Amino acid sequence: MSTLPAARTTIDQRRATLLTPDFFNRDPRRVARALLGKLLIRKTPGGTLAGRIVETEAYLGTGDAAAHSAAGRTARNSVLFGPPGYAYVYFIYGNHYCLNVSCLPDGVAGGVLFRAFEPIAGIEQMAKARGIAISPKIDLNNISFLKNLSSGPGRMSEALGITRTRDNGKSFVGKKSDLQLADDGYHVRRVMVTPRIGIVKSADEPLRYYIAGNPFVSRRGPTV
DNA sequence: ATATCGATTATCT
DNA sequence: GATAATCGATATG
């Protein structure tokens with residue numbers, strides 16, 4: 001019998017290095033794919049939160065009808081038009097915040113939406129942020145429990161305590177930033193590409209990326 | 001397991 | 001005034 005890939009991963013602290021602006025200064029499709037397997041880190045007074053990114057979506061800018069930047073620059077979407085490597089946070093459906101990173105050079109719109117990660121550090125704090133009570137009965141390694149923390153853009157943002165007023169426009173590439181992205185050398189075996197979730201315009205464009213077979217992805221794929 | 005629906009507000013028409 | 005890059009609860013197979 002072949003062994004399934006381990007569900008949980010750990011961080012290789014010795015190898016972890018911050019992603020640089022160059023990483024984000026290219027087509028969002030390439031950034032979205034390259035971000036799979038990277039670490040998303042949130043530093044808080046209560047401790048460091050971290051997860052391994054398993055699902056992303058690319059939003060291409062003025063030519064992409066589904067992108068917030070499609071109709072040009074506004075006060076809301078201006079981060080997408082700014083320099084690469086900055087947080088674009090928007091509020092949706094009266095309930096949820098969603099976290100993105102800007103791509104392409106200053107003046108050109110584009111971004112990647114973070115849709116899901118595997119919780120790795122600060123799990124108890126993330127559960128608290130999600131309104132989930134921790135009791136001795138809860139197994140912190142249980143896949144269903146972990147998936148409920150951060151499988152989906154709204155959940156992920158809530159687990160990290162992301163809000164628009166706090167985080168929109170924040171740098172992902174600053175050494176001192178409380179929002180960081182890092183590469184610890186984790187190798188992604190296979191990437192799946194599907195249409196993006198929850199959009200109406202440009203609904204068929206294959207711009208969603210996730211790690212094949214990963215249990216923390218929000219959905220398997222389009223229910224075709 | 002999948003399907004449907006209400007919540008709730010910033011943004012744009 | 002309509003819409004939206006979603007989630008959680010509820011209903012049903």
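Note that the coordinates shown come from a computational prediction; the quantities given were computed from them, not determined experimentally. Every chain is numbered from 1 and lettered A, B, ... according to where its sequence line falls, protein lines coming before strand lines.
- Taking atom NE2 of residue A:His68 and atom C1' of nucleotide B:dA10, one finds them 11 Å apart after rounding to whole Å.
- Contact check, A:Thr74 against B:dT11: no side-chain N or O comes under 4.0 Å of OP1 or OP2.
- There is no side-chain donor-acceptor pair under 3.5 Å between A:Ser150 and A:Arg155.
- Under 4.0 angstrom from either OP1 or OP2 of B:dC12 there lies no side-chain N or O belonging to A:Arg73.
- Residues A:Glu57 and A:Arg196 are not paired through a salt bridge, judged by the lack of any N-O separation under 4.0 Å between the basic side chain and the carboxylate.
- Position along DNA chain B of the nearest nucleotide to A:Arg164 versus A:Tyr93 favours A:Tyr93 as the more 5'-ward residue.
- At a threshold of 4.0 angstrom between heavy atoms, the contacts of A:Arg76 are confined to the sugar-phosphate backbone, with no base atom among them.
- Put simply, chain A comes within 4.0 Å of DNA chain C, heavy atom to any atom, from C:dA4 to C:dG8, going 5' to 3'.
- If you take OH of A:Tyr90 and P of B:dT11, they are 13 Å apart, rounded to a whole angstrom.
- Between A:Asp27 and A:Arg30 there is no salt bridge, since no side-chain nitrogen of the basic residue lies less than 4.0 Å from a carboxylate oxygen of the acidic one.
- With respect to A:Lys38 and A:Asp184, no salt bridge is recorded, no charged nitrogen being found less than 4.0 Å from a carboxylate O.
- Interatomic distance, A:Leu160 CG to A:Tyr97 OH, rounded to the nearest 0.5 Å: 14.5 Å.
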Ring pair (Phe, Tyr, Trp, His ring centres under 6.0 Å) between A:Tyr88 and A:Tyr86, worked out: CA-CA 7 Å; A:Tyr88 169 54; A:Tyr86 285 78; over 10 Å; no
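- Here A:Ile199 lies in heavy-atom contact (under 4.0 Å) with sugar-phosphate atoms only.
- Look at CG on A:Asn95: it is 16 Å from C1' on B:dT11, rounded to the nearest Å.
- Ring centers of A:His96 and A:Phe91: at least 6.0 Å apart, outside the cut-off.
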Pair assignment for DNA chain B - dot-bracket with | for other-strand partners, Watson-Crick or G-U under 3.5 Å: |||||||.||||.
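- With hydrogens and angles left out, the side-chain atoms of A:Arg73 and A:Ser78 include no donor and acceptor closer than 3.5 Å.
- Computed from coordinates, the A:Ile92 CD1 to B:dA7 C1' distance equals 13 Å when rounded to whole Å.
- Between A:Asp12 and A:Arg14 there is no salt bridge, since none of the side-chain N atoms of the basic residue sits less than 4.0 Å from a carboxylate O of the acidic one.
- Using a 4.0 Å heavy-atom criterion, one finds that A:Phe91 contacts the sugar-phosphate atoms exclusively.
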